[in-house]
2 protein chains.
Amino acid sequence: MRPDAWGVCVVKASITRRRLHPTARREEIMAAAVAYFAEVGFGGSTRELAQRAGVTQALLYKYFGSKAELREAVFKRVYLGRIAPHWLAELRDRSVPLRVRLCRFYGEYTAAIFTYEWMRIFMWAGLDGDALNRRYLDHLCDLLLVPVQEEAIAESRGQWRPAIEDVWNLHGGIVYLGIRRFIYRLPVPTDVGPVIEAAIERFLSPMAVGDGVSA
Amino acid sequence: MRPDAWGVCVVKASITRRRLHPTARREEIMAAAVAYFAEVGFGGSTRELAQRAGVTQALLYKYFGSKAELREAVFKRVYLGRIAPHWLAELRDRSVPLRVRLCRFYGEYTAAIFTYEWMRIFMWAGLDGDALNRRYLDHLCDLLLVPVQEEAIAESRGQWRPAIEDVWNLHGGIVYLGIRRFIYRLPVPTDVGPVIEAAIERFLSPMAVGDGVSA
DNA sequence: GTTTTTGTTGATCGAATGATCAACAGCCCC
DNA sequence: GGGGCTGTTGATCATTCGATCAACAAAAAC
């Protein structure tokens with residue numbers, strides 16, 4: 001392991017020993033931890049993590065009191081600030097057709113969460129029964145899915161009243177693209193835009209029925 | 001642990017020591033393994049598994065050569081025979097409206113896979129990068145999703161040609177119900193039937209456009 | 001250049017893990 | 001009811017795990 005550090009000089013193995021500012025070192029460890037735990041889950045060993053971070057295993061405990069603490073830090077890093085504040089405002093902007101609003105929102109949302117790290121850590125955490133996971137989805141529902149539901153009712157002038165489960169179905173169908181790609185490692189279209197737009201079109205299809213008659 | 005075995009008589013702890021037929025014992029271990037690994041993943045210890053199965057840890061190795069072998073047996077148990085052969089025939093039966101066929105199929109399909117064990121073991125295996133996982137989904141796509149696509153084209157007399165990604169979107173939206181319930185442990189409707197029917201209705205909505213004109 | 005500070009390491013501990021083996025004991029057969 | 005087959009157990013081994021600590025050395029302060 002780390003064959004590059006064992007090139008010519010075999011005597012002094014600690015060539016690369018560098019002293020970093022605690023903030024920078026902590027950042028390096030965090031980055032390695034996110035990548036490592038995303039790959040193998042939180043059952044991964046602190047030793048291999050340390051090796052990937054280019055430090056000793058003992059050093060991890062100078063920055064994180066325990067493995068659980070490191071795990072929590074990884075969660076916070078992955079979850080925090082993942083929901084952009086302007087998404088709600090965009091979803092509520094009734095000067096724009098709902099179809100366009102939804103396409104924009106899910107374009108940005110999938111751009112934010114369709115990453116190897118986010119998708120997998122979220123799933124590992126879900127299986128582990130972590131509370132942060134549930135809290136994130138509850139928050140997502142209250143903050144974004146319910147507004148989608150309300151905007152659909154508003155745009156159809158009350159003629160179409162989708163259940164929240166219909167919005168979850170739209171959401172799930174889209175998120176499942178990321179699950180197929182990053183969890184199951186199946187091939188999915190590189191550009192998910194058209195697929196998402198088609199899904200949104202179908203989601204809004206009940207609106208066209210009442211709309212055509214009333215106009 | 002096993003407090004019931006330590007009731008009055010403390011001297012002889014092996015009261016419950018029973019000799020079972022190898023087939024029966026193997027079955028007991030398998031059942032315990034499916035339940036245990038579904039809960040905690042394959043990182044769970046053989047000792048706790050043995051405890052739940054009511055046997056010693058050493059006995060596991062009389063029935064399975066290694067933990068990996070036991071794991072494979074659990075996979076096979078969970079995957080094998082999960083896709084009912086008559087589903088394809090039902091999906092192909094053009095004497096029944098496609099909407100009805102899809103509702104019946106996904107009613108039976110979700111009844112088959114929306115279990116704690118199947119959902120979670122499938123997800124653990126997916127994150128672990130197991131090949132069986134990918135093979136199952138490839139098989140599912142070829143055997144059932146492509147037929148759904150073809151039947152949609154046929155029923156619309158070629159007027160609507162959904163992409164396979166549209167079928168995946170339908171599928172994902174439905175499966176996501178099980179993910180929310182068994183992976184994220186979120187509340188979902190006890191009767192998912194109406195939700196699924198609504199999703200199928202939206203999936204088929206493009207058909208209504210061309211259909212009304214041509215008739 | 002010397003001293004001080006502190007980021008970093010190698011060694012190590014106790015607990016838990018997968019796996020093995022001789023010894024035990026329940027069940028079948030005569 | 002007494003052997004004998006074999007399902008089952010307790011003890012044990014070698015690793016690996018998370019976590020700790022004194023000792024080292026690179027950067028900062030003077």
Side-chain angles (χ1 to χ4, degrees), chain A residues 1-2 5-6 9-33 36-37 39-75 124 128, chain B residues 1-2 4-6 9-33 36-37 39-74 124 128:
Chain A
M1 305 117 184
R2 270 206 324 200
W6 295 81
C9 178
V10 196
V11 185
K12 304 217 42 157
S14 60
I15 300 176
T16 56
R17 187 176 193 175
R18 297 170 304 142
R19 281 170 65 101
L20 264 66
H21 188 78
T23 311
R25 181 63 77 190
R26 189 185 166 98
E27 181 54 37
E28 282 197 3
I29 294 176
M30 277 293 293
Y36 177 61
F37 288 139
E39 184 177 332
V40 305
F42 297 101
S45 71
T46 55
R47 278 175 175 78
E48 191 174 340
L49 165 60
Q51 189 177 306
R52 292 206 192 188
V55 296
T56 354
Q57 183 235 7
L59 192 63
L60 298 181
Y61 291 85
K62 298 294 176 180
Y63 293 91
F64 304 93
S66 65
K67 191 184 180 184
E69 193 176 302
L70 174 56
R71 171 200 164 108
E72 283 307 309
V74 169
F75 277 5
W124 285 117
D128 278 353
Chain B
M1 305 120 183
R2 273 206 323 203
D4 48 334
W6 295 83
C9 179
V10 197
V11 185
K12 303 216 43 153
S14 60
I15 299 175
T16 56
R17 187 176 194 176
R18 298 169 304 141
R19 281 169 67 98
L20 262 65
H21 188 76
T23 310
R25 180 65 76 190
R26 189 186 166 96
E27 181 54 37
E28 282 197 5
I29 294 177
M30 277 295 292
Y36 177 60
F37 287 138
E39 183 176 333
V40 305
F42 297 102
S45 71
T46 54
R47 277 176 175 77
E48 191 173 341
L49 165 59
Q51 189 177 306
R52 292 205 192 188
V55 296
T56 347
Q57 183 236 7
L59 192 63
L60 300 181
Y61 290 85
K62 299 293 177 182
Y63 292 92
F64 304 92
S66 66
K67 190 183 179 185
E69 193 175 303
L70 174 56
R71 171 202 163 107
E72 284 308 309
V74 168
W124 285 115
D128 278 354

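Note that the structure is predicted; figures quoted are calculated from it, not measured. Computed from heavy atoms alone, side chains included, the values below leave out hydrogens, waters and symmetry copies. In the text below, chain A, chain B and the rest are named by the order of the sequence lines, each starting its count at 1.
Between B/L59 atom CG and D/dT6 atom C1' there is a gap of 12 Å when expressed in whole angstrom units. Rounding to whole angstrom units, CZ of residue B/F64 and C1' of C/dT20 are separated by 18 Å. For the pair B/L20 CG and D/dG7 C1', the interatomic distance rounds to 9 Å; values are reported in whole Å. Look at NZ on A/K62: it is 13 Å from P on C/dT6, rounded to the nearest Å. One interatomic measurement links the two molecules: CZ of A/R18 to P of D/dA27, which rounds to 10 Å at whole-angstrom precision. What separates CG of A/L60 from C1' of C/dG10 is a distance of 15 Å, to the nearest Å.
With values rounded to the nearest 0.5 angstrom, A/K67 atom NZ is found 6.5 Å from A/T46 atom OG1. Atom CD of A/Q51 sits about 11.5 Å away from atom OG1 of A/T56, to the nearest 0.5 Å. A/F42 CZ to A/W124 CH2: the interatomic distance, rounded to the nearest 0.5 Å, is 9.5 Å.
In this structure A/F64 satisfies the ring-ring contact (aromatic ring centres under 6.0 Å, His included) test with no other residue, sequence neighbours excluded. Contacts of B/E27 classified as salt bridge (charged side-chain N to carboxylate O under 4.0 Å, His left out), with partners at least two apart in sequence or in another chain: B/R77. With sequence neighbours excluded, the residues that form a side-chain contact (heavy atoms from CB on, under 4.5 Å) with B/Y63 are B/P22, B/R25, B/R26, B/I29, B/L59.
In this structure, the side chain of B/Y36 engages the main chain of B/S45 through a donor-acceptor pair within 3.5 Å. Under a 3.5 Å cut-off, the side chain of A/E69 and the backbone N or O of A/G65 do form a donor-acceptor pair.
Within residues 22-32 of chain B, the residues having any heavy atom closer than 4.0 Å to DNA chain D are, in order of number, B/P22, B/R25.
Taking 3.5 Å as the limit, the base of D/dA26 and the side chain of A/R19 contain a donor-acceptor pair of atoms between them.
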If you restrict it to nitrogen or oxygen atoms, what contacts under 3.5 Å exist between nucleotides 15-19 of chain D and the protein, and what is each distance?
{"from": "D/dG18", "atom 1": "OP1", "to": "A/G44", "atom 2": "O", "distance (Å)": "3.4"}
{"from": "D/dG18", "atom 1": "OP1", "to": "A/T46", "atom 2": "N", "distance (Å)": "3.4"}
{"from": "D/dG18", "atom 1": "OP1", "to": "A/K67", "atom 2": "NZ", "distance (Å)": "2.7"}
{"from": "D/dG18", "atom 1": "OP2", "to": "A/T46", "atom 2": "N", "distance (Å)": "2.8"}
{"from": "D/dG18", "atom 1": "OP2", "to": "A/T46", "atom 2": "OG1", "distance (Å)": "2.8"}
{"from": "D/dG18", "atom 1": "N7", "to": "A/R47", "atom 2": "NH1", "distance (Å)": "2.8"}
{"from": "D/dG18", "atom 1": "O6", "to": "A/R47", "atom 2": "NH2", "distance (Å)": "2.9"}
{"from": "D/dA19", "atom 1": "OP2", "to": "A/Y61", "atom 2": "OH", "distance (Å)": "2.7"}
{"from": "D/dA19", "atom 1": "OP2", "to": "A/K67", "atom 2": "N", "distance (Å)": "2.8"}
{"from": "D/dA19", "atom 1": "N7", "to": "A/Q57", "atom 2": "NE2", "distance (Å)": "3.0"}
{"from": "D/dA19", "atom 1": "N6", "to": "A/R47", "atom 2": "NH2", "distance (Å)": "3.4"}
{"from": "D/dA19", "atom 1": "N6", "to": "A/Q57", "atom 2": "OE1", "distance (Å)": "2.8"}

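Every pair passing salt bridge (charged side-chain N to carboxylate O under 4.0 Å, His left out) that includes a residue from residues 50-62 of chain B is listed here, sequence neighbours excluded: B/E39-B/R52, B/E48-B/R52.
Between D/dG7 and B/Y63, no contact under 4.0 Å exists linking OP1 or OP2 to a side-chain N or O.
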